[in-house]
Amino acid sequence: MKALLIPGLARIESVRDETAAGDVKTFTVQFLDEKDRFDYMPGQCAMLSVIGVGECMISITSSPTRDRMQFSVKKSGRVTSALHELEAGHTVGVRGPYGNGFAVNEWRNKRLLFIAGGIGLAPLRSAINYCLDNREDYGPIQIIYGARSPGDLCFKDEIFKNWPGFPETQVQVTVDKGDESWNGPQGFVPSFLKEIAPSPDNAVAVTCGPPIMIKFVLQALSELGFGDEQVVTTLELKMQCGVGKCGRCNIGHKYVCVDGPVFTLSQLRALPAEY
Amino acid sequence: MLHISKHNLLSLLTHASSSWQVFCPSKQGSTVNFGWFEGTVDTVAIPVNSCKGAFLPQTEELFTYRGTPETGLSLTGGFDGQKPVLIFFARPCDARALTLLDRVFLEGEYADDRYRSRRARSVVVTVGCKSPLDTCFCTAFGIGPDSKAGSDVFVYEDETSLYFEPLTEGGAGFVAAHLAYLAEGGTPVSVMEELRRAELPLAGRIWVEGMAEMLDSMFDHPVWEKMSARCRGCGACTYLCPTCYCFSVFDAPRGTHGKRYRSWDSCQFSDFMLMAGGHNPRPTRKERVRQRFMHKFNYGVKRQGDYLCVGCGRCIRACSVGLHAASALFDLKEAGR
Amino acid sequence: MIRVGVFVCWCGSNIAGTVDVGKVAEEAARIPGVVHVEQNKYTCSDPGQDSIRKAIKEHRLDRVVVAACSPRMHENTFRKCAASAGLNPYLVEMANIREHCSWVHSDMSVSTPKAVDIVRRAVAKVKRCVPLHPSTIPVEKRALVIGGGIAGIQAALDIAEAGYDVTVVEREPTIGGRMAQLDKTFPTLDCSSCILTPKMVDAASHPGIRILTYAEVEEISGYVGNFEVRVRKRARSVDEARCTACGICILKCPTSRDSEFNMGLGTRKAIYMPFPQAVPNKPTIDREICRHFTAGKCGICQKVCPSGAVDFSQEDQVLTEKFGAVVAATGATQFSVEVYGEYGYGRYPDVITGLELERLISSTGPTDGKIRRPSDGKIPKTVVFIKCVGSRDENKGYPYCSKACCMYTAKHAILLKEKIPSASAYVFYMDVRAGGKDYEEFYKRSQEMGTRYVRGRVSRIYPLDGKLIVQGEDTLLGERVEVEADLVVLAAAMVPQPDAPEMARKLGISYNQYGFFSEAHPKLRPVETNTAGVFLAGTCQGPKDIPETVAQASAAAAKVISLFAKSELSTNPNVASVDESLCSGCLWCSNVCPYKAIEEKIITERAGKETVTRTVASVNTGLCQGCGACTVACRDGAMNLLGFTNEQILAEVEALCL
Amino acid sequence: MNDLREQLKEAVASAFSQGRVRSFVCLERGFYPFATMPAILHSGSDADRVEIGLADAPLLAKYLLDMPKPAGIVVRSCDALGVSRLIRDRRVKREDLYIISISCPGVVDTAKIPMSMHRITALEKAGDALIVHTALGPTELPWSSVLLDRCLACVSGAASTDADVVLDDGRGKPPAPVDYSEIDEVEHMAPDERYAMWEKEFAKCIRCFACRNACPACSCRKCSLDLPEPEWLSRAVILPEQFMFHFTRAYHVAGRCVGCGECERACPVGLPLMKLNRKFTRDIETLFGVDDARIPRDVEVLGTFLPDDPEEFC
């Protein structure tokens with residue numbers, strides 16, 4: 001029987017700085033032992049270990065349609081800070097996949113609206129690339145992304161070069177506050193979203209970002225006529241086991257690690273607001 | 001029924017400890033606690049702690065590592081099956097509690113390998129509760145002094161002897177292995193009767209019928225504020241509770257080697273949910289006390305199909321300010337009327 | 001990722017002779033985070049330092065461990081070295097494998113693994129070091145000298161000569177101190193007033209020196225470069241500007257008391273000048289005895305004063321001023337010799353102390369320089385001197401040596417012979433300590449002049465027929481000695497001023513078990529205190545004679561001058577720092593801080609829906625000396641000493657306990 | 001007793017009606033009719049709930065930390081020391097408090113009532129006896145045999161005078177004589193024997209922090225032992241960490257322990273924590289010449305630097 005809480009070891013193949021401040025890095029990893037490797041779906045997570053420091057739950061930002069597993073990590077606590085110290089060639093622990101992931105199969109033939117703020121694009125990126133790699137299965141894709149400043153935008157290659165090149169794919173980027181290099185839109189994501197006013201017809205809106213942004217995005221979506229079933233978001237809570245045992249990340253009787261992290265707005269509304 | 005004179009019990013346990021890891025109550029300082037057998041056993045008192053530690057140790061090594069992330073690592077996490085666990089003198093509530101923990105750790109997509117391997121060949125020997133305490137209210141949860149759920153062997157106790165009733169194959173195996181210590185003859189009918197008749201003083205006051213459904217609409221009820229006001233925020237109730245199982249995982253590095261452990265944790269601790277960025281979804285005692293009792297009486301029912309409480313009364317004895325499952329059930333009942 | 005470079009020093013054979021340096025280097029390379037290791041014969045040498053600079057650049061080192069000697073020795077060297085290569089100097093850590101290892105072990109098989117442990121400790125710490133930056137504080141270039149004795153005068157003159165303003169605060173009505181009371185000074189026998197008076201006048205007339213007499217320091221706050229001092233200038237009831245020092249008031253004053261200056265051997269008036277050469281040369285009214293103040297009568301002085309300078313309504317003045325540095329020159333006093341009941345001081349008028357003899361010899365003294373015994377005014381023929389009265393005596397006095405007594409007793413014996421050639425002098429002594437230039441010769445001279453030195457203690461003195469019978473034992477001859485003396489002089493120990501502890505509290509400095517102020521280091525920082533900006537001069541720090549006092553005063557002045565030579569001070573960044581989010585505001589840190597560097601601060605923050613204020617500790621980084629007392633008093637773990645944080649120290653402990 | 005309770009209810013109600021307090025902490029009837037538990041009142045109309053507390057009365061001082069101020073509290077002398085501790089530790093301000101002190105004849109420890117008497121229906125104090133009413137009828141026990149350990153070392157059962165209202169019915173327990181024989185016993189053990197004793201005790205510790213959370217001297221905003229970084233105490237519940245925890249706890253309250261014994265009462269596994277605390281208390285009394293080291297003072301023996309502190313290490 002597979003040991004539940006023991007990670008597989010993986011080698012960091014490359015580390016990429018995403019932001020100007022250096023507070024977000026994308027790690028590409030490769031398992032050292034093939035038997036530790038696992039398949040996953042967009043939106044699923046894994047427990048990333050810096051052995052000797054600890055573990056934390058990180059969403060997998062790569063798409064299963066691509067061959068390398070990637071994690072984008074914002075430096076915020078002990079483990080993520082230690083992770084940021086690591087370089088290519090170093091070893092991390094990875095166990096997973098955990099969580100439900102996005103219902104990408106249910107999205108087929110729908111219009112997809114991805115709304116992200118800051119590092120919140122990391123889990124959506126997995127779904128975006130998955131859908132783009134299966135482009136013909138999905139309707140028009142609209143990506144609305146914002147960050148505090150131009151330097152805080154993640155995955156710049158993809159948002160500016162790669163994704164806009166796909167058919168029927170639109171990427172709209174805003175920043176809270178621009179600088180001399182910036183000539184794009186300026187403003188918060190929720191108001192940007194309201195200006196763009198995407199149609200709710202046959203659409204799924206997927207959003208992830210800082211809690212305050214999500215709060216107003218959800219409001220805006222509802223104003224735009226999106227029903228609760230059409231709105232999908234991912235949650236983050238403190239997790240220790242990832243497998244629904246440690247009793248920590250519950251919201252009501254749901255555990256974010258096994259029942260989430262992806263919830264529709266209607267599911268969320270049925271849960272106590274304790275997150 | 002096979003029985004043993006109480007005088008011979010220690011010899012039986014000593015013998016058992018060659019094939020089993022025996023977990024039993026014994027006097028330690030001023031209290032009687034469950035622990036690994038070290039030559040003494042207490043057959044009278046209901047231990048302060050529960051026997052969950054035999055399967056979910058308070059601190060348990062997950063793996064040892066050598067090396068560093070920079071220079072390369074190797075992990076050794078082998079958990080080889082040791083001797084099977086023998087719980088000796090569980091109470092019916094304890095035995096029942098183990099079945100609830102089983103639902104958490106053995107069912108669903110992810111089974112806990114360690115818990116499972118300890119539990120797999122374990123034998124639970126339960127003694128009928130002849131003299132329940134003022135703090136006992138197991139009957140509220142359909143358990144009673146003679147309940148056999150979760151037990152492999154049930155023991156009836158009279159003044160001089162213990163009568164062993166094997167209930168499962170594992171229990172029969174245990175009895176068979178100790179026939180040399182057991183004598184045949186007699187059925188302790190009077191004890192059985194006594195157990196059936198035993199009254200629990202709290203039974204009339206505690207009410208759980210429909211509690212789970214009632215709590216569905218009580219998440220924002222002011223009663224939580226009132227209940228939690230006296231909470232001191234320690235973890236005594238959760239650590240001594242036979243059905244609480246929360247844990248956390250942490251690393252203990254020692255230079256270029258170290259260990260990863262898991263240890264019990266308590267939802268009553270202020271930093272239980274504290275996130276790296278400083279956000280705490282349960283910032284005050286109100287949320288934490290609510291979490292504890294909602295988990296026991298609502299979430300547990302939805303997830304594991306039953307109340308995560310067996311009325312053992314350990315939290316009543318543990319809490320220095322009278323905030324426990326019984327008072328909570330009582331207060332919630334009043335509030336939900 | 002943190003990149004540590006480890007530089008293992010041979011220190012010639014100092015380390016390499018007992019520690020397998022190669023092995024240490026090899027093990028160091030295995031410590032996580034260490035990316036570069038090298039060995040040097042002498043790391044502190046120019047080539048050694050160059051190799052560090054080169055390695056920092058080549059290997060992109062962001063932390064440096066030098067495994068060499070004590071940080072006392074070369075931490076600064078290597079910090080500067082790292083700084084010159086662009087690395088913050090506080091990212092350097094010393095691993096002391098010399099004093100802590102090679103020098104105390106002889107067995108290489110023991111010392112090598114220990115050296116490895118020490119290096120591992122240093123690496124563990126340096127990995128948790130963060131860049132620290134000194135901040136700067138301005139310097140108020142005015143000095144305060146407390147005490148106007150010879151030490152204070154000398155320090156004030158030296159500082160003023162360098163061009164900085166000095167204020168001297170003296171609690172007596174005049175400056176001059178103890179030295180003014182002395183007659184002649186050893187070993188050259190020049191007249192004390194002849195050499196002191198010009199200095200007093202120099203000080204008084206120096207444009208850079210302001211003298212506040214009859215004044216006391218009440219409170220000192222602030223820190224180096226920025227002390228705020230409150231001085232109470234007591235009312236002397238005489239308008240100094242108007243007074244011409246004609247002296248008529250003194251002449252006419254009807255009230256008198258024992259003169260402090262003459263050690264009670266004469267009297268002075270209620271309006272008085274302690275001695276004729278007093279500076280300032282203005283009288284003072286002693287309100288304790290003046291009949292105008294005690295009885296509301298008299299007022300003669302005011303009536304006779306030709307210039308209308310007597311002002312009974314004068315009030316104390318309280319001045320609050322800023323100073324950049326403080327020199328404590330508060331002096332010492334004389335041991336109360338009454339405790340030696342066997343000597344009969346206080347009971348027999350002709351048993352006197354050395355200072356009293358000074359007044360009897362002095363031409364300005366009560367006997368106009370004639371040595372007369374107090375009881376009957378007769379010229380003494382036989383004088384017995386007893387040394388170490390209160391010194392070197394743990395039972396009745398103090399264990400320390402008062403240092404000046406051997407020489408002044410020799411001086412007294414010489415002066416006695418000079419004034420009364422027929423007199424004979426006996427000196428009872430324990431040892432004669434005559435270390436000092438020309439001191440031994442001076443002592444010899446007193447012997448040559450006929451002074452009889454008796455090694456031994458005096459057991460009893462009693463009066464008989466107008467004489468004092470001095471009984472003792474000559475321990476060299478092993479026989480009892482009995483001297484019929486006319487006068488007995490006790491060489492009383494020099495002891496701290498009774499209010500020295502209070503002054504130390506005001507200054508925020510420490511003092512020893514007797515009450516002498518403590519210097520920062522007995523050898524290497526003899527005039528500095530543990531409070532930056534406060535310096536010591538003279539006998540407040542310990543018994544001294546005049547040459548030593550003057551030398552120390554000049555040294556203290558030099559320290560003040562070098563402090564003032566900087567336009568601003570850079571502060572030690574190894575100071576305490578409060579994590580306000582953890583601080584519970586109990587302020588134990590403040591209570592245990594020897595430097596008064598922690599005060600309370602009220603902060604406002606959101607707690608749920610309410611805005612609350614709460615108290616936290618706040619460190620004045622100018623005052624903080626980085627002693628760390630607060631960090632151990634802090635239960636919350638909120639107080640950290642930068643450069644020695646809890647985290648760093650725990651990391652070290654952990655590295656050593658692997 | 002009833003008189004005292006009536007006076008107390010009145011005093012609490014009037015503290016609210018006069019606008020002296022926004023909240024009040026006192027005891028109220030517990031789940032078991034004979035026991036009491038803490039209650040935090042927010043209005044004078046709740047004053048009827050106030051109980052004196054015959055048995056198992058928890059100490060209340062520490063609740064003041066989180067209560068809306070000005071806050072009222074009912075104290076017996078042991079609790080008054082706790083309040084004083086919090087004031088001296090500057091965790092609460094005296095001017096934010098409204099203190100009602102009551103005299104106390106001692107508090108019954110229901111755990112000391114013999115097992116066979118369980119099914120208690122009521123407890124009653126009658127002179128020097130406790131009458132235990134059970135399903136089988138009443139039984140009398142000597143009053144002193146059933147008191148909480150802290151009452152056996154009581155500073156004084158009289159109502160403390162540093163209070164806004166003093167309610168003393170004259171039935172307070174007389175001060176207990178100082179008795180350190182228990183500490184002597186431990187001190188006289190051979191080191192190995194002593195170590196073995198503590199090892200056995202600490203091994204029982206489940207690290208629930210009940211002792212810390214009950215202690216009026218443990219009032220840090222955030223306990224340093226809870227900090228993830230630096231990790232003073234590992235989460236591992238293994239013997240060396242148990243020593244680390246208990247020694248740290250004892251050292252952190254050294255010189256500040258008020259001897260209330262609430263830690264020991266709160267400990268669910270019965271650790272003899274007061275043996276550690278009282279050792280410190282006694283040491284401070286003998287080493288520093290303090291009279292009764294449990295009583296908080298303005299100048300803390302271990303928390304003050306005086307320039308004339310001897311500098312023996314120089």
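Chain naming here is simple, since letters A, B, ... match the order of the sequence lines and numbering starts at 1 in each. A quick note: this is a predicted structure, and the numbers were derived from the prediction, not measured.
- The shortest distance between side-chain heavy atoms of L202(B) and Y32(D) falls below 4.5 Å.
- Between S234(D) and F250(B), the shortest heavy-atom distance links the atoms OG-CE1, 4.0 Å.
- A salt bridge does not link E28(D) with R230(B): every distance from a Lys NZ or Arg NE/NH1/NH2 to an Asp or Glu carboxylate oxygen is 4.0 Å or more.
- P268(D) has its side chain out of reach of R317(B): every pair of non-hydrogen atoms, C-beta onward, lies at least 4.5 Å apart.
- Side-chain N or O atoms of S263(B) include one that pairs as donor or acceptor with a backbone N or O of R235(D) at under 3.5 Å.
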Practice item. Start with the C-alpha distance between F209(D) and R232(B), add both sets of side-chain angles, then the distance that settles side chain to side chain contact (heavy atoms under 4.5 Å, CB included), and finish with yes or no. Key: CA-CA 10 Å; F209(D) 295 111; R232(B) 284 173 162 167; over 6 Å; no
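- In terms of non-hydrogen atom pairs under 4.5 Å with chain D, the most contact-rich of G322(B), S30(B), A326(B), S266(B) is A326(B).
- Looking only at side-chain heavy atoms (C-beta outward), D271(B) and K222(D) come within less than 4.5 Å of each other.
- Under the 3.5 Å distance criterion, the side-chain polar atoms of S320(B) are left unmatched by any main-chain donor or acceptor of A266(D).
- Ranked by heavy-atom pairs shorter than 4.5 Å toward chain D, the options T238(B), N49(B), D331(B), D265(B) are led by D265(B).
- Proximity of F31(D) to H324(B): side-chain heavy atoms (C-beta onward) are separated by under 4.5 Å at one or more points.
- The residue among P57(B), A236(B), G29(B) with the most heavy atom pairs within less than 4.5 Å of chain D is A236(B).
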